[in-house]
**Q** 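To start, I am sharing the structure in question, which I have written as structure tokens.
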Amino acid sequence: MGLLMLVSLSFAGSPLTVSIPVDPDGVQRAVVEADSYAFTPHHLVVTAGQRVELTFQSMTWVVPHNVIIDDPQSGLNIREEIPAGESRTITFTPTVPGSFAIYCDKKLPFMKSHREKGQEGVLEVR
Ligand SMILES: [Cu+2]
């Protein structure tokens, strides 16, 4: 959690931070690029109680990624594969305010995971 707070503070107000607007139909939509090894933007700010629809667009030719938000206590239990060059959309409704890690846990044997290489972001629920 300490690291997450540090990440949030470091990038607060930068273009990498996006406050996702609520569309007229009540859904908060954003597109996130998944590349090796980053999510862009990587700090997403959303409002609790409103549906969120995130589309992850793979920017790679070969390397598969995934997206994980793993905080079952807050009702967030997401794991979606993002095949190379394809896009995948996840939808959920956050209910508990807080900062939650968004990351890719792909890794090759004996190598660091993508998360360890920097493919990690923050979902900030307000
Ligand atoms: Cu990855």
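Along the sequence shown, the residues carry numbers beginning at 1. Quick note: numbers below take in every heavy atom, side chains included, and nothing from hydrogens, waters or symmetry partners. Atoms within each ligand, like the ligands themselves, are counted from 1 in listed order.
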**Q** Nearest 0.5 Å please: distance from the NZ atom of Lys117 over to the OG atom of Ser36.
**A**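 Answer for the NZ-OG pair, Lys117 versus Ser36, is 8.0 Å.
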**Q** Do Phe39 and Tyr103 have their ring centres less than 6.0 Å from each other?
**A**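 Judged by ring-centre distance (under 6.0 Å), Phe39 and Tyr103 do not meet the cut-off.
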**Q** Output the atom name for the N/O/S atom of His65 with the smallest distance to the Cu ion (ligand 1).
**A**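 Distance check against the Cu ion (ligand 1) picks out ND1 in His65.
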**Q** Would His42 and Glu120 count as having a side-chain donor-acceptor pair, cut-off 3.5 Å?
**A**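 Side chains of His42 and Glu120: no pair found under 3.5 Å.
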**Q** Between the Cu ion (ligand 1) and His114, which N, O or S atom of the residue is the nearest one?
**A**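 This residue's closest N, O or S atom turns out to be ND1.
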**Q** Can an N, O or S atom be found in Gln119 less than 2.8 Å away from the Cu ion (ligand 1)?
**A**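 Of the N, O and S atoms in Gln119, at least one lies under 2.8 Å from the Cu ion (ligand 1), which means yes.
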**Q** Quick check: closest heavy atoms across His114 and Pro64, and the distance to 0.1 Å?
**A**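 Reported closest heavy-atom pair: CE1-O, 3.6 Å.
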